[in-house]
Engineer: 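There's a structure below that I have some questions on.
In what follows, chains carry the letters A, B, and so on, assigned in the order in which the sequence lines appear, proteins first and then strands, with residues in each chain numbered from 1.
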Amino acid sequence: MNEPEPVDLSPLDPERDPQRWTLLMAATRLRVSEAVRRRSREADPLAVVTQWARPILAAAATILLLLGAATVFGVPGMREMSQARRLAYLTQSSVLRGQTPTGAELMAAMRLESER
Amino acid sequence: MEESDADLVLRVRRGDGQAADLLLERYMRACRAVALAVTGSEADADDVCQDAFVSAIERIDDCREPARFGGWLLQIVRNRARNLLRHHDARRTDRLDEHAVAEGRSPDQETELEDLRERLRAALAGLPETHREIVLLHDLEGWKHVEIAERLDLPPGTVRSHLHHARRRLREILGNMGTER
C-alpha cells in the first residue's frame, strides 16, 4: 500500500495560540484540583460521620425539647416519657463524647424513675 | 521512566492532585483532537475537552481498568462532544473568531491562517468520525499506530488502514478545493 503523505494539520494545533492554550490548561487544572479535593473530602470517613452526626444531634435535641415540655405540663404516661428522655440524653452525650453508653448507665437511666 | 496511567489513576484515587496534573498534561491535547474530530469546532472542542477531563477525574472510581484510562477518557470526550452537538443552540456563533487576536500575527496572517483552518475543518468534515480521530491523533498529536489502537480499542492494522484512507481522502478534498500546496 503506497502511503499518502500526511496533510499539514498544524493550523489546527491548539498551541499555535499559546495564550489561549495556556489559559485553557490553567482553567482545567484549577477545576481538576478542586475535583480531586472534593473527592478526598467526600471519601474521608470522619467527614461522612460529621455529615450524619449533625442531623442526628438536631433530631435528638428536638425530641428532648418535646419531652421536656411534656414533663413540665404533666402529660399522662410521663414515667415512660421521662425514661425515654433520660435515655435520649444519655445517647446524645455519649455521641458527643464519642463513646458507647455502658450497660450500667443504661440500667440506671431506666431504673431511676421506677424506684421513685 | 514515565509513570504508567494505571499508577497515576491509583494516585488520583488517593487524592493526589499532582497525578491528576500529569494525566492532564498527557491527555489534554488528545482529548481536544477527539473533541475537534466530533464537533468540527475548535471553540467547542476546548469546552468539551475541559468538561470531559474534569468529569473523568470526578468519576475516576468508575474507570474499571486504570491501565486503559486513555481509552476510557477519550470515550467520555466523544460522548460529551456528541451530546453537545445534539443540544447545540441553533443561534451559536462560531467562536473561532477568538483566534483573530492571537499574539504576534498581523491581521493578514491571521486571516490567511483562519482560511487554512476553515479549509482543513471542511476537509475533515468529509471523513467518517473515526477517520478524523485517527488522522488528528496521528498526524497532529504524533501518536503511534499502536497507541491509537490501544486507546480506540481497534486492531493496529485497522488503524493503519483508516489512516491511509483518511489521508488519501483529505488530499482529494483539499485538491478539489484547489488548496493543495
Engineer: Under 4.5 Å between side-chain heavy atoms, counting indirect links through other Ile/Leu/Val/Met/Phe/Trp/Tyr residues: same cluster for A:Ile56 and A:Tyr89 or not?
Structural biologist: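 Not linked; separate clusters.
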Engineer: Go through B:Glu58 and A:Arg38 one step at a time and tell me if the salt bridge (charged side-chain N to carboxylate O under 4.0 Å, His left out) criterion holds.
Structural biologist: CA-CA 8 Å; B:Glu58 286 169 343; A:Arg38 202 167 42 242; 2.6 Å; yes
Engineer: Is B:Trp143 reachable from B:Val38 through a run of hydrophobic residues whose side-chain heavy atoms are each under 4.5 Å from the next?
Structural biologist: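 Hydrophobic grouping puts B:Val38 apart from B:Trp143.
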Engineer: Heavy-atom cut-off 4.5 Å, strictly under: side chain, backbone, both or neither for B:Leu124 against chain A?
Structural biologist: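 Side chain only.
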Engineer: When rounded to the nearest 0.5 angstrom, what is the spacing between CG in A:Leu12 and CG in B:Leu116?
Structural biologist: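 Reported to 0.5 Å precision, the distance equals 9.0 Å.
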Engineer: Is a salt bridge present between A:Glu3 and B:Arg160, judged by a nitrogen-to-oxygen distance below 4.0 Å?
Structural biologist: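 Between B:Arg160 and A:Glu3 there is no salt bridge, as every charged N stays at least 4.0 Å from the carboxylate O atoms.
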Engineer: Side chain from CB out, backbone as N, CA, C, O: work out which of these in A:Ser10 comes under 4.5 Å of a heavy atom of chain B, or both, or neither.
Structural biologist: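 Only the backbone of A:Ser10 comes within 4.5 Å of chain B.
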Engineer: Minimum heavy-atom separation for A:Leu9 and B:Leu170, please, with both atom names.
Structural biologist: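 In this case the closest contact between A:Leu9 and B:Leu170 is CD2-CD1, 4.4 Å.
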Engineer: Evaluate side-chain contact (heavy atoms from CB on, under 4.5 Å) for A:Arg39 paired with B:Asp61, printing each intermediate quantity in order.
Structural biologist: CA-CA 10 Å; A:Arg39 269 181 46 80; B:Asp61 291 330; 3.0 Å; yes
Engineer: Quick one: which of A:Pro6, A:Ala27, A:Ser33 has the most heavy-atom pairs under 4.5 Å with chain B, could you say?
Structural biologist: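 Ranked by contacts with chain B, first place is A:Pro6.
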Engineer: Tell me, do A:Val7 and B:Leu120 make a side-chain contact under 4.5 Å, heavy atoms counted?
Structural biologist: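 Counting from C-beta outward, A:Val7 and B:Leu120 do come under 4.5 Å.
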Engineer: Look only at the side chain of B:Arg117 and the backbone of A:Pro11, and say whether a donor-acceptor pair between them is shorter than 3.5 Å.
Structural biologist: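 It does hold such a pair.
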Engineer: Tell me the closest heavy-atom pair linking A:Val32 and B:Ala20, and the distance in Å.
Structural biologist: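 Minimum heavy-atom separation between A:Val32 and B:Ala20: CG1-CB, 3.5 Å.
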Engineer: What part of A:Glu34 is in contact with chain B, defined as an atom under 4.5 angstrom from a non-hydrogen atom: side chain, backbone, both or neither?
Structural biologist: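 Neither the backbone nor the side chain of A:Glu34 comes within 4.5 Å of chain B.
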Engineer: Looking only at heavy atoms, what is the nearest atom pair of B:Gly15 and A:Ser40, with distance?
Structural biologist: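 Distance-wise, the nearest heavy atoms are CA-OG, 3.5 Å.
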Engineer: Which one, B:Arg14, B:His138, B:Glu141, B:Arg168, leads in non-hydrogen pairs under 4.5 Å with chain A?
Structural biologist: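 Most pairs with chain A among the choices: B:Arg168.
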Engineer: Do A:Arg29 and B:Phe53 come close enough that some side-chain heavy atom pair is under 4.5 Å?
Structural biologist: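 No, side chains not in contact.
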Engineer: Determine whether B:Met28 and A:Met25 make a side-chain contact, defined as any pair of heavy atoms from C-beta on separated by less than 4.5 Å.
Structural biologist: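 In contact.
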Engineer: Mind running side-chain contact (heavy atoms from CB on, under 4.5 Å) on A:Leu24 and B:Cys49 for me, showing each step along the way?
Structural biologist: CA-CA 10 Å; A:Leu24 178 66; B:Cys49 66; 4.2 Å; yes
Engineer: Is a side-chain donor or acceptor of B:Arg171 paired with a backbone partner of A:Glu5 at a separation under 3.5 angstrom?
Structural biologist: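 Checking the backbone N and O of A:Glu5 against the side chain of B:Arg171, a donor-acceptor pair under 3.5 Å is found.
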Engineer: Walk me through it: do A:Val36 and B:Ile57 pass the test side-chain contact (heavy atoms from CB on, under 4.5 Å)?
Structural biologist: CA-CA 7 Å; A:Val36 172; B:Ile57 294 299; 3.7 Å; yes
Engineer: So do A:Pro14 and B:Arg29 actually touch side chain to side chain, heavy atoms under 4.5 Å?
Structural biologist: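 A side-chain contact under 4.5 Å exists here.
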Engineer: Enumerate the residue pairs fulfilling ring-ring contact (aromatic ring centres under 6.0 Å, His included) with a member in residues 111-137 of chain B, sequence neighbours excluded, ordered by first and then second residue.
Structural biologist: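 Sorted pair list: B:His131-B:His162.
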Engineer: Do the side chains of B:Leu152 and B:Leu140 join up, straight or via other hydrophobic residues, at under 4.5 Å, putting them in one cluster?
Structural biologist: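 Yes, one cluster joins them.
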Engineer: Is B:Asp51 in contact with chain A via its backbone, its side chain, both, or neither, using a 4.5 Å heavy-atom distance?
Structural biologist: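 Contact with chain A: backbone and side chain both.
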Engineer: Does B:Trp72 belong to the same Ile/Leu/Val/Met/Phe/Trp/Tyr cluster as B:Leu74, with side-chain heavy atoms less than 4.5 Å apart forming each link?
Structural biologist: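 Yes; tracing contacts between hydrophobic side chains, which count when under 4.5 Å, links both residues.
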Engineer: Look at atom CD of B:Gln18 and say whether more than 12 heavy atoms of other residues, nucleotides or ligands are closer to it than 6.0 Å.
Structural biologist: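 Open: at most 12 neighbouring heavy atoms sit under 6.0 Å from CD of B:Gln18.
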